[in-house]
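I have placed the structure first, in the form of structure tokens, so that the comments after it can refer back to it.
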Amino acid sequence: MARLNRRFYARDPAVLARALLGQVLVRVLADGVRLSGVIVETEAYLGVEDRAAHTCGGRRTARNASMWGPAGHAYVYFTYGMHHCMNVVAEAPGQPSAVLLRALEPVEGIERMRAHRSVKIAASRLRQIDLCSGPAKLAQALAIDRALDGADLITGQMLFIEHGQPLPADRIAAGPRIGVDYAGEWAQKPLRFGVVGNPNLSRAL
DNA sequence: ATGACGATTTACT
DNA sequence: GTAAATCGTCATA
């Protein structure tokens, strides 16, 4: 299956967040094993105005440097002292926006994902819908960490997104973003998108 | 040098 | 429903 191209990523993050639903995130491990899943939940983060974004107020640091770069690269950050989260950079250099990948429907390499997720949790308690139903869960399942921050999703060999099944608008729902209550009015904006009724969502939408 | 804080997950009451 | 886990990052000094 063909990968998404640079033009696909270089647009408004809220539009991109919807367009990414139904596409397939692929991670190729060092031993060549392919892990993949259909993207079923995303959130858009909008540049310097968005109080919930890491680039709020024009903040530009070593950590968020990827958000300021060209579209189609990964922005992977570490948070809460233990979790990684993956974003896809949108728009153009100097317009720091991104889309957080919040949940996948596992497709390839499910047993390997289960092994990655079982480091801290008993495998017997892990249902398939527990593998990638949250931003830090999918990062752990696919072995995505800061080593992949800045990775080019168009030319890279370890992390990219392939075309999936097109998703009609009536199967997409929008709602407030998760975990950004500190962001004032920006916390209420409907910038979280998900596939209606999909069991892999981090929460119902 | 120091302190406060997470774009979360998990277990437990 | 609530709380703990756990540490890199960033603003302040």
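Below, all heavy atoms of this structure are taken into account, side chains as well, without hydrogens, waters or symmetry copies. This structure is a prediction, so every number in the text was calculated from the model and none was measured. Chain A is the first sequence line, chain B the second, and so forth, proteins listed ahead of strands; every chain is numbered from 1.
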Lys/Arg N to Asp/Glu carboxylate O, R34(A) vs E162(A), below 4.0 Å: yes
To the nearest angstrom, the OH-C1' distance between Y80(A) and dA4(B) comes to 13 Å
For Y182(A) and dG6(B), give me the distance from atom OH to atom P, rounded to whole Å. 7 Å
Roughly, in whole Å, what's the span from CZ in R117(A) to P in dT8(B)? 14 Å
Does any nucleotide pair with dA11(B) by Watson-Crick or G-U wobble geometry, both distances under 3.5 Å, and what is it? dT2(C)
Answer yes or no: is there an ion pair linking E43(A) with R102(A), defined by an N-O contact shorter than 4.0 Å? yes
side-chain N/O R102(A) vs dT8(B) OP1/OP2, d < 4.0 Å: yes
Verify the contact: side-chain N or O of H83(A) to OP1 or OP2 of dT9(B), cut-off strictly under 4.0 Å; return yes or no. no
Counting only side-chain heavy atoms from C-beta out, which of dT9(C), dG8(C), dA5(C) sits nearest to R146(A)? dT9(C)
Between CD1 of I178(A) and C1' of dT9(B) the distance, given in whole Å, is 13 Å
Heavy atoms under 4.0 Å, any strand shown: does M67(A) hit a base, just sugar-phosphate, or nothing? base
If you look at every strand shown and take non-hydrogen atoms under 4.0 Å, does A52(A) touch a base, only sugar-phosphate, or nothing? base
Quick one: which of dT9(B), dA7(B), dT6(C) gets closest to the side chain of K137(A)? dT9(B)
Between dA7(B) and Y45(A), is there a base-stacking contact, meaning the centre of the base's six-membered ring lies under 5.5 Å from the residue's ring centre while the planes stay under 30° apart? yes
Got a salt bridge between R192(A) and E41(A), using NZ or NE/NH1/NH2 to carboxylate O under 4.0 Å? yes
Euclidean distance, atom CZ of residue R63(A) to atom P of dG6(B) [Å, nearest integer]: 10 Å
Same hydrophobic cluster for L142(A) and V28(A), using side-chain heavy-atom links shorter than 4.5 Å among ILVMFWY? yes
Under 4.0 Å from OP1 or OP2 of dA11(C): is there any side-chain N or O of R59(A) that close? yes
Could you check G81(A) against A62(A) and say which one's nearest nucleotide on DNA chain C is further toward the 5' end? G81(A)
Specify the separation, in whole Å, of atom CG of D130(A) and atom P of dT8(B). 17 Å
Heavy atoms of Y182(A) and R51(A) approach each other most closely as O-NH2, 3.3 Å
